[in-house]
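Structure first, then comments.
Numbers for residues simply follow the sequence, beginning at 1.
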Amino acid sequence: MLVREIEINGFATIDPYLDSDSIELLIQDIAASNINPGRAGIRNLLELVPSVKRLAQSPEIRSLVEPILGDGARVVRGIFFDKNPTTNWKVPWHQDLSIAVKNRLDLPDYHPWSVKEGIPHVQPHTAILEQMLTVRIHLDRTDESNGALKVIPGSHRQGKLSNLEIDRWKQVSTGISCNCEAGGILLMRPLLLHASSIAIVPSHRRVIHLEYTSCQLPGGLEWF
């Protein structure tokens with residue numbers, strides 16, 4: 001059922017999934033790391049907060065990922081987001097098109113390049129993105145009032161979309177708010193159109209964003 005939902009809609013929610021004790025420990029570990037205090041996000045979360053890396057590799061999370069990507073799936077990036085009263089931002093409709101890699105290698109169909117907090121990022125060939133899955137773990141209750149992620153079902157099946165194509169999807173489709181309790185999980189394909197509104201009632205909206213893949217990169221390019 002879960003695999004079918006991801007195939008057709010590009011996303012699925014499991015609410016709740018992690019228990020309150022597990023969520024509280026994650027919150028404490030991220031806070032104790034004192035990484036970029038007051039910032040809206042933390043990149044390279046897997047290396048900076050060991051408990052997040054353990055969770056990403058745990059049977060509890062892999063049991064969700066492997067039916068979709070296979071036994072060879074592995075986590076390749078972790079990001080922490082915290083939308084709160086001092087970092088309350090809006091994200092327009094978009095697809096997640098960039099991956100983090102170890103070094104820059106100029107390959108056909110791998111562009112544009114950018115550097116985020118010292119880490120090279122590139123937009124890979126569409127086939128790579130189609131073999132990826134994002135797991136978003138909610139550390140707080142999330143709904144329309146505090147900027148829950150909105151998605152457009154089925155939009156992941158059209159490959160990379162131009163700005164004009166994104167506008168067309170917005171005109172003919174209705175976005176769905178992915179509301180979750182603390183401990184809830186959202187699984188989604190990176191190519192799924194998604195957005196986030198400014199929180200009407202600003203509070204913590206903390207999310208651990210994990211990206212998994214089942215494929216190798218070509219031409220000597222390596223995942224970060």
Side-chain angles (χ1 to χ4, degrees), residues 1-27 30 41 45 52 55-70 73 75-84 89-96 129-158 169-170 173-214:
M1 180 64 178
L2 185 64
V3 176
R4 185 67 172 161
E5 279 189 71
I6 298 294
E7 178 184 350
I8 295 174
N9 296 323
F11 77 102
T13 55
I14 307 170
D15 191 26
Y17 191 71
L18 298 181
D19 60 62
S20 58
D21 290 342
S22 298
I23 293 300
E24 186 56 35
L25 284 174
L26 288 167
I27 291 172
I30 292 171
L45 189 65
V52 173
L55 174 65
Q57 297 172 336
S58 69
E60 291 81 3
I61 300 301
R62 291 196 63 84
S63 67
L64 302 176
V65 175
E66 289 181 2
I68 300 165
L69 296 183
V75 63
V76 291
R77 181 160 65 162
I79 306 173
F80 174 69
F81 297 111
D82 182 9
K83 183 177 289 190
N84 59 63
W89 72 98
K90 177 181 180 180
V91 180
W93 288 102
H94 69 287
Q95 299 170 297
D96 289 339
L129 297 170
E130 290 174 339
Q131 298 178 70
M132 296 181 68
L133 182 72
T134 298
V135 178
R136 288 173 61 93
I137 301 167
H138 297 79
L139 306 184
D140 303 286
R141 186 177 186 278
T142 305
D143 57 26
E144 297 93 333
S145 69
N146 65 350
L149 204 70
K150 296 178 292 186
V151 301
I152 297 181
S155 54
H156 66 297
R157 293 180 290 178
Q158 305 302 315
W169 273 95
K170 288 160 52 180
S173 306
T174 301
I176 294 176
S177 181
C178 297
N179 300 349
C180 283
E181 297 295 329
I185 286 182
L186 168 65
L187 306 177
M188 59 178 281
R189 292 290 194 179
L191 290 173
L192 184 73
L193 277 174
H194 55 285
S196 177
S197 300
I198 291 175
I200 301 170
V201 183
S203 60
H204 279 294
R205 193 220 63 175
R206 292 165 290 196
V207 174
I208 293 173
H209 172 111
L210 303 172
E211 296 176 4
Y212 292 80
T213 185
S214 57

Under the salt bridge (Lys or Arg N to Asp or Glu O under 4.0 Å) test, residues paired with Glu66 that sit two or more places apart | Arg62

Quick one: list whatever passes salt bridge (Lys or Arg N to Asp or Glu O under 4.0 Å) with Lys170, sequence neighbours left out.
-> Asp167

All pairs passing salt bridge (Lys or Arg N to Asp or Glu O under 4.0 Å) where residues 177-202 contributes a residue, at least two apart | Arg141-Glu181

Applying salt bridge (Lys or Arg N to Asp or Glu O under 4.0 Å), which residue pairs with at least one partner in residues 6-24 are found, sequence neighbours left out?
-> Arg4-Glu7

Nearest 0.5 Å, what's the [atom1]-[atom2] distance between [X] and [Y]?
| X | Y | atom1 | atom2 | result |
| --- | --- | --- | --- | --- |
| Ile200 | Ser145 | CD1 | OG | 7.0 Å |
| Leu26 | Ile208 | CG | CD1 | 4.5 Å |
| Tyr17 | Cys180 | OH | SG | 13.5 Å |
| Thr134 | Phe11 | OG1 | CZ | 14.0 Å |
| Ile198 | Asn146 | CD1 | CG | 13.0 Å |
| Ile185 | Arg136 | CD1 | CZ | 12.0 Å |

Can Ile137 and Leu55 be said to form a side chain to side chain contact (heavy atoms under 4.5 Å, CB included), step by step?
-> CA-CA 10 Å; Ile137 301 167; Leu55 174 65; 3.5 Å; yes

For residues Met188 and Cys178, determine if any side-chain heavy atom of one lies less than 4.5 Å from a side-chain heavy atom of the other.
-> no

Does a side-chain heavy-atom distance below 4.5 Å link Leu133 with Leu64?
-> no

Nearest heavy-atom neighbours spanning [X] and [Y]:
| X | Y | answer |
| --- | --- | --- |
| Trp93 | Gly175 | CH2-CA, 4.0 Å |
| Ala73 | Leu69 | CB-CB, 3.7 Å |
| Leu129 | Pro190 | O-CD, 3.9 Å |
| Gly147 | Lys83 | O-NZ, 3.8 Å |
| Gly10 | His156 | N-CE1, 3.2 Å |
| Arg205 | Ser196 | NH1-OG, 3.4 Å |

Partners of His194 by ring-ring contact (aromatic ring centres under 6.0 Å, His included), sequence neighbours excluded?
-> His94

Those residues that, when tested against [X], pass side chain to side chain contact (heavy atoms under 4.5 Å, CB included) (two or more places apart):
| X | result |
| --- | --- |
| Ala56 | Leu46, Val75, Leu210, Tyr212 |
| Ala182 | none |
| Arg206 | Ile27, Phe80, Asp82, Leu139, Asp140, His204 |
| Ser173 | Ile152, Trp169 |

Going by side-chain hydrogen bond (donor to acceptor under 3.5 Å, both in side chains), name the residues that satisfy it together with [X], two or more places apart in sequence or in a different chain.
| X | result |
| --- | --- |
| Glu60 | Ser58 |
| Glu211 | Arg77, His209 |
| Ser197 | Lys150 |

The residue among Thr142, Leu186, Asn179 that forms side chain to side chain contact (heavy atoms under 4.5 Å, CB included) with Leu149 is Leu186

Go through the steps for Leu193 and Gln95 under the test side chain to side chain contact (heavy atoms under 4.5 Å, CB included), then give the verdict.
-> CA-CA 5 Å; Leu193 277 174; Gln95 299 170 297; 3.9 Å; yes

Given Ile68 and Val3, is the side chain to side chain contact (heavy atoms under 4.5 Å, CB included) satisfied, shown in steps?
-> CA-CA 6 Å; Ile68 300 165; Val3 176; 4.1 Å; yes

